[in-house]
Number of protein chains: 2
Amino acid sequence: MIKCIRCKHVHAITKSGIVRGKQRYFCKDCNIYFTLPDETTVDMKHKKHMTTIVDIAKALNVSKSTVSRALHEHEDINPHTRAAVLKMARQLDYQPNLLAKSLVRSKSNTIGIIVPEFLTYFFPTIIMGAQQVAAEAGYNVIICQSQESYKTEVANANVLLANRVDGVLISMTRETKKFDHFKAFEKHGIPVVFFNRVCDEMDTSKVLVNDYEGALKAVEHLIKNGYRNIAHIGGPPALLITHNRLRGYKDALAKYKLPFKKELVVHCNLSKKDAIACAEQLLNLKQPPDAVFCVNDPVAIQLMLLAKKRKIKIPAELGIVGFSNEPSGEVIEPALTTVQQPVADIGRSAAGILLEAIAKGEAYVPEKKSLKTTLIVRESSIK
Amino acid sequence: MIKCIRCKHVHAITKSGIVRGKQRYFCKDCNIYFTLPDETTVDMKHKKHMTTIVDIAKALNVSKSTVSRALHEHEDINPHTRAAVLKMARQLDYQPNLLAKSLVRSKSNTIGIIVPEFLTYFFPTIIMGAQQVAAEAGYNVIICQSQESYKTEVANANVLLANRVDGVLISMTRETKKFDHFKAFEKHGIPVVFFNRVCDEMDTSKVLVNDYEGALKAVEHLIKNGYRNIAHIGGPPALLITHNRLRGYKDALAKYKLPFKKELVVHCNLSKKDAIACAEQLLNLKQPPDAVFCVNDPVAIQLMLLAKKRKIKIPAELGIVGFSNEPSGEVIEPALTTVQQPVADIGRSAAGILLEAIAKGEAYVPEKKSLKTTLIVRESSIK
DNA sequence: ATGCCTACCGGAATCGTTTGCGGTAGATTC
DNA sequence: GAATCTACCGCAAACGATTCCGGTAGGCAT
């Protein structure tokens, strides 16, 4: 018969429905409902248990507060107990549970990064830089790829929010036009730093390279080397870099009183295929350029490949300058002159600013940082 | 005068030392110690509060259990209350606190990745692949760079342990000879999958590319193209890939009854400097090789650069094959023949296996996966 | 002996969830 | 009409830390 779990009697037991698959009983004496403990499931308590501070506390017969204090060089602790705790912690190889710590401190020591993609060397390098700085400060990094899609970018933001990151580094999608998902961070006091693809509508810190200046230097270099009919293969119009580099190109021409011819400017969506198309378009001109400033190195390389195929002599008949200094530019012949961006520095700067913002909290005032570019002169641009 | 916080009287109060900078009192009547509440610190409770389930619960006048259940399509919930909860959650724009969830579930939905470096395109691409499948399964990724240092690798492992990751993806340092930091994962039931630089001493899943087969194909290709005195620049002896590629090299020679000459095999630590040194060593031989199979593309490129400097004709006088198909190999002249590895697939496979291991728990049996390579024939190896 | 001090230690609340199980109202059954 | 059922809901205990503050033992002065 069924015994009441309290009075241990059997006389006043009645059934009382089935809950969650198990028969429930009611003891009229004790006025209590109960179900029988599950006999089937054997003690599967053999889960790999990680040692906690209570384990240490028990082993030493002290309270967990004491253990916690010992582990954090709190003043209210006897050096002897402290030593004992430290020793025991090592013995049981204790690993603090950062999740619990984050929960109670409401600080996760984690920063989030949202980048549009991860394929080129560009973003990985930035992330590496950021990760280095973060790691030194004891921060972890959660990385999200938005895949150039607004929708996943919003999802990414929510993931980071849900993980209670202490700050976020963002390079936007090229299709992002609404910014509520970014503003959500601000609303909760989570600092945000944009890099590269920045958001003008938000009053946060921003890190980018001085594209304008880089482009100016590049084109100026071509002019100084005797090129006069200089073309430009630009990037997609939606991107800020496109405008800035184009502006640098124009201003360099203006500075040396060279005419701006709009047939010498074409826009490329940065795919390999389109790069070749743009190159062809320029080389097919009745009056083809004697030099081209390209929006980035891959485009420059496609142009160079095409020119070589057509037996156009580089740099004698065609000077080429790229942008971004990718490894390939170094080994191609002739070696590609390019504008180097301090890629890892972008990540480092952004992370540094972010950590500062996290530390200062409310008191922090956003800053804009513009990183310098340097022209790397190789063979492709020296007549 | 000082009033007792309980009896509100002043007659039985005596001082009782100073704790944490504040005067403490003792009421002999109530037998109670107390300090005066701090008047100075004004209510700074205006911290940005994120809405929690109790906020929702209060707003709806239900218990937090009900809210939790409503949010998780639990069966014990009335569709109406569920709808109300969902609506209110949206109104207050509730973001679940994953830290708290992880704590109680003892499952963080996070996987860790330890890679030796982050500079080449190789590891970023793997990570991207892994990150993709992880994200699809709702997992976050924490990335650590060991910087090819055993010490930081151990530190990385501890970080991941402390963050209670559910699983780990590892590509070892080349100097790692002790594996306790890896075994710690096993001890706590955290599955580990090695990729690329695997650890033979551990009985876990491993993902790598079929280096042996790739090397075999590469050298066979050289032989078929008429090269007879084929050298090999290998990697550091500590790495498995070094052995496998060397084995492929040897077996290819044997297959075609070509003699193995040990002076034609040199080992390179993969740095640029050492690559040049190795290349020089081979080219300086009394009887220099007529072809070289290199452990990877960067090494092959350094060799090619040196050979070109010495006016050695490639591929006529020297055939070269690399390994890993890096972008630079495509633009160098002559274009580099290489063995392509499915890089992103490594990450995807490893992450897939890891997720499976996490899901199956104890029941999981480790597997070894070997990914196929493909030989990409370009110009540097066709006489 | 009586205050008051210092130097520690422990109890308990808290962070935001999940979850086992007890409780209850109203319907249904015998 | 009593026993039993269904369909919910709420209480409270975890999870593993941190931290506020009360408690206590022993020392020193008066």
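Just so it is clear, the values below take in all heavy atoms, side chains as well, and ignore hydrogens, waters and symmetry mates. Chain identifiers are assigned alphabetically (A, B, ...) following the order of the sequence lines, protein sequences preceding nucleic acid strands; residue numbering begins at 1 within each chain.
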Quiz item: Which atom pair, heavy atoms only, marks the closest approach of B:Leu354 to B:Pro191?
Solution: CD1-O, 3.5 Å
Exercise. Could you check whether A:Ile77 gets within reach of a base, just the sugar-phosphate, or nothing at all, counting any heavy atom under 4.0 Å?
Key: sugar-phosphate
Practice problem: Among the candidates D:dT18, D:dA17, D:dC21, find the nucleotide nearest to the side-chain atoms of A:Arg69. | Solution: D:dC21
Self-check item: Heavy-atom check, side chain of B:Ile190 versus side chain of B:Leu161, under 4.5 Å
Solution: yes
Quiz item: Under a 4.5 Å cut-off applied to non-hydrogen side-chain atoms, are A:Gln147 and B:Gln132 in contact?
Solution: yes
Quiz prompt | Heavy-atom pair with the smallest gap, counting every atom of B:Ala350 and B:Leu169 | solution = O-CD1, 3.8 Å
Practice problem: Report yes or no: does A:Asn97 contribute a side-chain atom to a donor-acceptor pair with the main-chain N or O of A:Leu99 at less than 3.5 Å? | Solution: yes
Practice problem: Any salt bridge (Lys or Arg N to Asp or Glu O under 4.0 Å) involving residues 158-167 of chain B? Give me the pairs, sequence neighbours left out, ordered by first then second residue. | Solution: B:Lys107-B:Asp166
Quiz item: Sequence neighbours excluded, which residues qualify as side-chain contact (heavy atoms from CB on, under 4.5 Å) partners of B:Thr66?
Solution: B:Val62, B:Ser63, B:Ile77
Quiz prompt | Along DNA chain C, first and last positions that approach a heavy atom of chain A under 4.0 Å | solution = C:dC8 to C:dT24
Quiz prompt | Student check: side-chain heavy atoms of A:Tyr364 and A:Ile353 closer than 4.5 Å | solution = yes
Quiz prompt | Side chain to side chain, A:Thr51 and A:Gln95, heavy atoms closer than 4.5 Å | solution = no
Practice problem: Just call it for A:His72: base, sugar-phosphate, or nothing, with non-hydrogen atoms closer than 4.0 Å on any strand. | Solution: sugar-phosphate
Quiz item: Just checking B:Asp76: base, sugar-phosphate only, or nothing, at a heavy-atom cut-off of under 4.0 Å?
Solution: base
Practice problem: Mind grabbing the angle between the end helix axes of the helix from C:dA1-D:dT30 to C:dC30-D:dG1? Five pairs an end, 10° rounding. | Solution: 60°
Quiz prompt | Backbone of A:Asp76 reached by a side-chain donor or acceptor of A:His74 within 3.5 Å | solution = yes
Exercise. Give A:Phe34 one of three labels, base, sugar-phosphate or nothing, depending on what nucleic acid heavy atoms sit under 4.0 Å from its own.
Key: sugar-phosphate
Quiz item: In residues 53-66 of chain B, what residues come within less than 4.0 Å of DNA chain C, judged by heavy atoms?
Solution: B:Ile53, B:Lys64, B:Ser65
Practice problem: Flag the pair B:Phe26 / B:Phe34 as yes when their ring centroid distance falls below 6.0 Å, and as no otherwise. | Solution: no
Exercise. With the side chain counted from C-beta on, respond yes when B:Phe182 and B:Val168 share a heavy-atom pair under 4.5 Å apart, and no when they do not.
Key: no
Exercise. Grab the NE2-P distance between B:His74 and D:dC8 for me, whole Å please.
Key: 12 Å
Exercise. Can you tell me the distance, in whole Å, between the CG atom of A:Asn109 and the P atom of D:dT18?
Key: 12 Å
Contacts under 3.5 Å, N or O only, protein and nucleotides 2-4 of chain D:
| unit_1 | atom_1 | unit_2 | atom_2 | d |
| --- | --- | --- | --- | --- |
| D:dT4 | OP2 | A:Thr14 | OG1 | 3.1 |
| D:dT4 | OP2 | A:Lys15 | N | 3.3 |

Quiz prompt | With A:Lys3 via side-chain contact (heavy atoms from CB on, under 4.5 Å) - residues at least two apart | solution = A:Val10
Quiz item: When the nearest nucleotide of DNA chain C is assigned to A:Val104 and to A:Asn31 on a heavy-atom basis, which residue is associated with the more 5' position?
Solution: A:Val104
Quiz item: On DNA chain C, nearest-nucleotide positions of A:Glu75 versus B:Ala100: which is more 5'?
Solution: A:Glu75
Self-check item: ring pair (Phe, Tyr, Trp, His ring centres under 6.0 Å) involving A:Tyr150 - partner list, sequence neighbours excluded
Solution: A:His181
Quiz item: Residues in side-chain contact (heavy atoms from CB on, under 4.5 Å) with A:Val19, at least two apart?
Solution: A:Arg24, A:Thr35
Quiz prompt | Pairs involving residues 353-365 of chain A, ordered by first then second residue, that meet salt bridge (Lys or Arg N to Asp or Glu O under 4.0 Å) (sequence neighbours left out) | solution = A:Glu356-A:Lys360, A:Glu362-B:Lys48
Quiz item: What pair of heavy atoms forms the shortest contact from B:Cys4 to B:Ile32, and how long is it?
Solution: SG-CG2, 4.1 Å
Quiz item: How long is the line joining CZ of B:Phe26 and C1' of D:dC21, in whole Å?
Solution: 15 Å
I'd like a table of atom pairs between the protein and nucleotides 27-30 of chain D - only N or O on both sides, under 3.5 Å - with the distance next to each one.
none

Practice problem: From the options D:dT18, D:dG22, D:dA17, select the nucleotide whose nearest atom is closest to the side chain of B:Thr35. | Solution: D:dG22
Exercise. Answer with base, sugar-phosphate or nothing: what part of the nucleic acid does B:Tyr94 contact at a heavy-atom distance below 4.0 Å?
Key: sugar-phosphate
Quiz item: Does any N or O in the side chain of B:Thr81 come within less than 3.5 Å of the main-chain N or O of B:Asn78, such that one atom is a donor and the other an acceptor?
Solution: yes
Quiz item: Rounded to whole angstrom units, what separation is found between the CD atom of A:Glu73 and the P atom of D:dT19?
Solution: 13 Å
Quiz prompt | Nearest-Å distance for atom pair CD1/P, residues B:Ile18 and D:dC21 | solution = 16 Å
Self-check item: Spacing between A:Lys22 atom NZ and D:dT6 atom P, to the nearest angstrom
Solution: 16 Å
Quiz item: For B:Ile32, which contact category applies under a 4.0 Å heavy-atom criterion: base, sugar-phosphate, or nothing?
Solution: sugar-phosphate
Quiz prompt | Test item: A:Thr173 side-chain N/O and A:Thr176 main-chain N/O as donor-acceptor pair under 3.5 Å | solution = no
Practice problem: Give A:Ser68 one of three labels, base, sugar-phosphate or nothing, depending on what nucleic acid heavy atoms sit under 4.0 Å from its own. | Solution: base
Quiz item: Rounded to the nearest Å, what distance is computed from the CZ atom of residue A:Arg24 to the C1' atom of nucleotide D:dA7?
Solution: 10 Å
Quiz prompt | Interface residues of residues 79-88 of chain B with DNA chain C (non-hydrogen, below 4.0 angstrom) | solution = none
Quiz item: Is the backbone of B:Thr52 close enough, under 3.5 Å, to the side chain of B:Asp55 for a donor and an acceptor to pair up by distance?
Solution: yes
Quiz item: How do A:Leu98 and B:Tyr33 order along DNA chain D: which one's closest nucleotide is nearer the 5' end?
Solution: A:Leu98
